[in-house]
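In each ligand, atom 1 is the first atom listed, and ligand 1 is the first ligand listed. Please read all numbers here as calculations on a predicted model, not as lab measurements. We use all heavy atoms of the structure for the numbers below, so side chains are in, but hydrogens, waters and symmetry mates are not.
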Amino acid sequence: MNTKKTKTKALKIALVLISFLINAPKTFAQNNDTKSQKIDVLESKIDSIISLLTLKEKVDMCHAQSKFSSKGVERLGIPEIWMSDGPHGVRAEISWDSWEYAGWTNDSITAFPALTCLAATFNPILSGEYGYNLGEEARYRKKDILLGPGVNIYRTPLNGRNFEYMGEDPFLASTMVVPYIKGVQKNGVAACVKHYALNNQELWRNEVSVEVSDRALYEIYLPAFKAAVIDGGVWSIMGAYNKFRGQYCCHNELLLNNILKKDWAFDGVVVSDWSGAHDTYESALFGLDIEMGTGTDGLGSSTANHYDNYYLATPFLKSIKSGEIDEAVVNDKVRRILRLMYRTNMSSNRPLGRVNNKEHHDIARKVAQEGIVLLKNKNNFFPVKDENITIAVIGENATRSMTAGGGSSELKPQFEISPLAGLKARYKNATIVHAMGYATGPSVYDAIIPSKLNADSLRVEAIKVAKNADIVLFFGGLNKSHLQDCEGADRKQFNLPFGQDELLNDILSVNKNVGYILMSGNAVEMPWLNQVNGVMQTWYLGSMAGQGIADVISGDVNPSGKLPFSFPVKLKDNAAHAFGESSYPGINYTQTYKEDILVGYRWHETKKIDPLYAFGYGLSYTNFNITGIKTDKKTYQPNDKIKVTCQITNTGNLDGAEVIQVYIGKPKSEVKRALKELKGFQKIHLKVGEQKNAELTIDAADLAFYDESISDWNLEKGDYKIYIGNASNSINKIININIK
Ligand code: GLC
């Protein structure tokens, strides 16, 4: 038989073998009913595939072939991997080889509320529904990896990307991220938890090297990622742009090899952030599996063949051929990639996905309803009844799109209901008059102030509308423009932009009955707080923003959100800004987190600096009574579970929900500790007059601190205090316990 025929025959055999291997899971799975046997079968299939691949094919799988995809192996029918942003919706299709949008007409989607809102629900079950519905849309859009969720800890209120993350507390972020990931991955779409790690600001994100103690690393900045891997079973993780201790996070030996892949036994794929890889040897040996976005500096154009020049492309191939890098290195990367494929685009039983359907809209609205936080409600300003009154709706944020802009998480929703539209649809008996009050310019990226004349005419008009109204709803806050809540830069100021403070004071001079509706992903300064009657934090709520906001303002829904981060009175009250430039934003691109473990409320409480609004705080239109608070024992063994029980009653006249929060502290500890730390919470929905029992269990082992002297967790024996309440600064009872 001539060579050509031999090759053809060999190819046919290979194809048969491949198709068998790809479709085999069902067959094998039916015969082997234990998980470990399924895994053995999967691994043996992967071994077989790897043995069929050429070295070039293997290397090609380890880097991008386009802006958002990486190669498969066409010869063997192994598919490409397609990725898409983002954490709160599936981004519109991007061009093959540039950051331009592809201009498709069939890629509009549901924009879900941003993750600060999801965290503010303190509702893990809802987070699972959110993840599942978002994952359905990613599946429908044929994406194999959804580039989210983001769980970087909220360290400074200036960070441009805090709106994409889950707040300042590692326990809250850990508890909320796990169901989100499981929900996404039920669709056969890999979640990609990001940005691993210590990417807590946008300023100098590509250059800054973060220094922080091991204790703060393990107790504050890693827990949400660890939970995503160990409890959430996340199939991919994205390295951060910044360095940690001088080494880029996208190829960081400690973070990726030692902690992620060894200690946590992560069996998935490490994806670089776009342009986050900087070296072949380090990318190869220190844990990077798929290199994305290199050479396009994130925003620039790229050359046609530059994918061959990626660090994990030709240079990597040459290093293996020369023997400098062992072929086992690329085999491990390909094994991880194939494992992700078997979970996604080579899975034989993936659902089909759905998009823009009623269930997705309902979930988006429910997260909005449950995430909105009522911060102030003097003179029962809220809820605003739908009566024959005139409501002045002031502010550009009442009509501005908040799904456009913000950076990579920006979306093209099928629709986006503005607060003004939502209010007009809800209030049939009231007269609603809108005045923009201030403008920030057309571009989503240029926070420009209009000319003095424009600003004056807008101001005068707003004052007139407010003067003639019964009540004023001021829709202000930040937006998704550059230097606001937007990727790639940090805010330059803690106070409100665009002259809002001055405008609000002008309005208050003609109408005292004002409620401020804050739309932001960050804390802001509120110098006018004592003059307004109501304040509501309404986040960035996506497609259903207008309904969610009108639901809560009208009282159709009782607000139950709690703050996932503290509001300092002024910027220097925040821990990251208490130690000068070396702590934020850093000096000469080196930054030391000098507050160490005392982030957010840990700082405020330990340093006795009262926040404007505290972590875990949020009001309701009804009242709750928490009684009968007790623990099951007074003394515990290290491997015991601490059981906290209580009764909670809705004593008001509206159905609602409360979040019982359990914090634990250790006075007289051998090490520095925060006064108390969140270790448990439970959201409980109660009808008027209803009473329910609540039970929260906390592993005593979870009270350990990370002991740098032994590089491990250390559970101190002795006395602890358990604080039970409905906010970090609203504690109903303190119980003393002892761990023997
Ligand atoms: C961006 C972001 C990352 C995003 C990626 C792709 O720079 O940092 O979160 O997923 O690039 O757009």
For this session: Can you tell me which residues line ligand 1 if we count any heavy atom under 4.0 angstrom from one of its atoms, in chain and number order?
Result: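 Around ligand 1, where the cutoff is 4.0 Å for heavy atoms, the contacting residues are F68, D85, R91, W99, L147, R161, K194, H195, R205, M238, Y241, D273, W274, S408, E487.
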Seminar exercise, completed: residues 150-169 vs salt bridge (charged side-chain N to carboxylate O under 4.0 Å, His left out), sequence neighbours excluded, gives R155-E595, R161-E164, R161-E487, D169-R602
Quiz: residues 218-228 side-chain donor-acceptor pairs under 3.5 angstrom, not counting sequence neighbours:
from	atom 1	to	atom 2	distance (Å)
E219	OE2	R215	NE	2.7
E219	OE2	Y706	N	2.7

Problem set entry | Pairs flagged by side-chain hydrogen bond (donor to acceptor under 3.5 Å, both in side chains) wherever residues 115-124 is involved - sequence neighbours left out | N123-E370
For this session: Before accepting this row, confirm whether a basic side-chain N of the pair R245/D214 lies closer than 4.0 Å to the acidic partner's carboxylate O.
Result: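 Salt bridge flag = yes for D214 with R245.
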Exercise. Is the shortest distance from a Lys or Arg side-chain nitrogen in E93 or K143 to a carboxylate oxygen in the other one below 4.0 Å?
Worked result: yes
Exercise. CG/L134 to NE2/H88 distance, rounded to the nearest 0.5 angstrom?
Worked result: 9.5 Å
